[in-house]
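A short write-up of the structure that comes next.
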Amino acid sequence: MSEENTAPSSETLPQASICKKKNFSLIWIVPLVALIIGVGLIYTTMMKKGPTITITFASADGLEAGKTKVKYKDVEIGKVESVELAEDFKHVEVTVSLVKKADAYLNEQTRFWVVRPRLSGGTVTGLGTLLSGAYIAVDPGKAGESQYEFKGLEIPPVVTEGTPGKLFRLEAGDLGSLDYGSPIYYRGIKIGQVVGYGLRENGEGVIITVFVDAPYDAYVKDSSRFWLASGMDLEMGTDGIRFNTESLVSLLIGGISLTNPDHLKNTPIADAEDVFQLFPTREAAMTEQFLEKEYYVLKFAQSVRGLSIGAPVEFKGFPVGHVVDIGIEFDCKSNKVLVPVRIEVEQKRLQRIASQTGKVDTDAILKLLVKQGLRGQVRTGNLLTGKLYVALDFFKNVEPAKIIAEDGVIQIPTTPTPIEELTSNLSALLEKLQKIPMEKIGNNAIETLQGIKQASNKLESLAESNEIRLAFQKTQKTMEGAHQLLSKDSATVVELQRALREMSEAARAIRSLADQLERHPESLLRGKERK
């Protein structure tokens, strides 16, 4: 068979058909839609996701990752993501995720704290957390550099940002019974509260931050006076017994009172952050205060029992200062034990007296006053309490004295109290009476009378007339009577000696009475205590 016969012809072979492939299959629609939705969700989540911050607390009490919320004005703005111990194990670090809007308020003034049930300032806060659990509260800052790491407050702030009112600062010697939330009163109405406190930089005293709500902040003026109304003000001083309290709340938790002196009504309203002095009592607040002080020393030879540090110093009944120190020393010149009392006098008050006399130098006016009889004296301010005070007054018939300076401090001369002076005079009189030789004087008088009797006997023997004899007899009887009157056993001498003994006992009794009154002046009212 030939090759032409064996090869297949083109007519007998099948013909292939060419089909065009479709570009898109419907099966890809589902994953494509899922991808678009996923990208949209991611985009939406990223757009709504807020900043993540770290807050440091002393402990994680009440905090739980994934559950504890972050709230502002009771609106949730974030959630705690994690709670971990710091590397030094001294505190905990809480990671918090916030909403997008919170990013604008995260700055150096933003504050965070944990809200728990708390009793402060007479009020209970955070009771809602008993059921819902603790949460983190935030006080957004209005200005400052952006910040994402914060130190949480252990004590919640009493006043948050945006509360109408003003902050003021009070300087005091100590805190007393004040605490966070302690109320501030004006005419018996609560107008603010204590929001913070701390020691001064030098450690001498404290600085108390208070907040006065609007519109009451308009009553705080440059001349306003603040004083402690804490608890029960019971004072027993030279002015007697005083009792005062502001309210039942201040009696329990303490408080501060505010007033404006009547003679300083037209002073301007105080600015925020102004500093005021916090006085211990209303009387101290209303008393005119001067910062510049001068110190003097008064040395007393008498006992100053009942005189304490802080006792008032008065000039003709007007308070000018206080006692700041009391000591004891031995004076070699007079061989006496003296009690030096150091006093603090407000310089402005002395300058006022000096200006009225045409002198400006306080030392010069003091020399003039001492020359005119100015002396220092310890007096009893109250018989019930026995408290003493130092009086600067003018005295007549006092020995001339001059002021002297000792270690740079001027010494003001002193004078004893009237009771002490009376006791000293009686003691001196008694000593003089005891020195009189009464027995010798009586013996001399008796010898003199005996000589006169002998002379009269001689004259009687020489007398010739009856009249002379009668006269001498009368003279002799008179001498005998005088002899009987001045004899040792005569009633007159016995009565004189008894009178001297009674005067001695009276002097001792007066001395004992003076000592008793000096130690216990209240015994005039109560009587002497029985042992």
Does Leu368 form a side chain to side chain contact (heavy atoms under 4.5 Å, CB included) with Leu374? I'd like the steps, not just the answer. CA-CA 9 Å; Leu368 178 61; Leu374 178 67; over 6 Å; no
Could you walk me through whether Tyr197 and Asp179 pass the side chain to side chain contact (heavy atoms under 4.5 Å, CB included) test, one step at a time? CA-CA 8 Å; Tyr197 54 82; Asp179 199 355; 3.5 Å; yes
Would Val114 and Phe57 satisfy side chain to side chain contact (heavy atoms under 4.5 Å, CB included), going step by step from the backbone distance to the final call? CA-CA 9 Å; Val114 179; Phe57 290 104; 3.7 Å; yes
I would like to know whether Tyr180 and Val195 meet side chain to side chain contact (heavy atoms under 4.5 Å, CB included); could you show each step before the answer? CA-CA 5 Å; Tyr180 289 94; Val195 299; 5.7 Å; no
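Between the side chain of Glu344 and the backbone N or O of Glu294, no donor-acceptor pair lies under 3.5 Å. Checking side-chain atoms of Ser59 against main-chain N and O of His91 turns up no donor-acceptor pair under 3.5 Å. In this structure a side-chain-to-backbone donor-acceptor pair under 3.5 Å is present from Arg225 to Ala285. Formation of a donor-acceptor pair under 3.5 Å by the Lys299 side chain with backbone atoms of Glu329 is not found in this model.
Figure legend: cation-pi geometry between Lys190 and Tyr185 absent, as NZ or CZ is not positioned both under 6.0 Å from the six-membered ring centre and within 45° of its axis.
The line from CD1 of Ile207 to CD of Glu201 is 7.5 Å long, rounded to the nearest 0.5 Å. Expressed to the nearest 0.5 Å, how far CG of Asn260 lies from OG1 of Thr267 amounts to 6.5 Å. Here the OG1-CG distance, from Thr415 to Asp393, works out to 10.5 Å after rounding to the nearest 0.5 Å. Rounded to the nearest 0.5 Å, atoms CG (Asp174) and CD1 (Ile208) are 8.5 Å apart. The CG atom of Leu388 sits 10.0 Å away from atom CZ of Phe300, with the distance rounded to the nearest 0.5 Å. In this structure, Phe226 CZ and Leu278 CG are separated by 8.5 Å, a value rounded to the nearest 0.5 Å.
Atom CD of Glu273 has more than 12 neighbouring heavy atoms from other residues, nucleotides or ligands inside a 6.0 Å radius. More than 12 heavy atoms of other residues, nucleotides or ligands shown are found within 6.0 angstrom of CD on Gln372. No more than 12 heavy atoms of other residues, nucleotides or ligands sit less than 6.0 Å from atom CZ of Phe89. Heavy atoms of other residues, nucleotides or ligands lying less than 6.0 angstrom from CG of Asn397 number 12 at most. Within 6.0 Å of OH in Tyr216 there are 12 or fewer heavy atoms belonging to other residues, nucleotides or ligands.
Taking 4.5 Å as the limit, every side-chain heavy atom of Phe150 sits out of range of all side-chain heavy atoms of Val94. For the pair Trp113 and Pro157, the minimum side-chain heavy-atom distance is below 4.5 Å. Annotation: side chain of Val194 is not in contact with side chain of Thr209 (no heavy-atom distance under 4.5 Å). Contact check for Tyr219 versus Ile191: no side-chain heavy atoms found under the 4.5 Å cut-off. Counting only heavy atoms from C-beta outward, the side chains of Pro140 and Tyr72 approach each other to under 4.5 Å. Using a 4.5 Å heavy-atom threshold, the side chains of Leu167 and Val210 count as separate. Side chains of Val324 and Ile343 form no contact here, defined as non-hydrogen atoms less than 4.5 Å apart. Put simply, the side chain of Thr281 does not reach to within 4.5 Å of the side chain of Leu228, judged on heavy atoms.
A salt bridge between Arg116 and Asp61 is present, with a side-chain N of the basic residue lying under 4.0 Å from a carboxylate O of the acidic one. No salt bridge links Arg342 with Asp325; every basic N to acidic carboxylate O contact stays at or beyond 4.0 Å. Salt bridge absent: Glu314 and Arg379 never bring a charged side-chain N and a carboxylate O closer than 4.0 Å.
Here the closest non-hydrogen pair linking Ile53 and Phe112 is CD1-CZ, 3.5 Å.
For the residue pair Thr414/Arg375, the side-chain donor-acceptor check at 3.5 Å is not satisfied. No side-chain N or O of Asn107 forms a donor-acceptor pair with one of Ser146 less than 3.5 Å apart.
Between Phe168 and Phe276, the ring-plane angle classifies as perpendicular under the 30° and 60° cut-offs.
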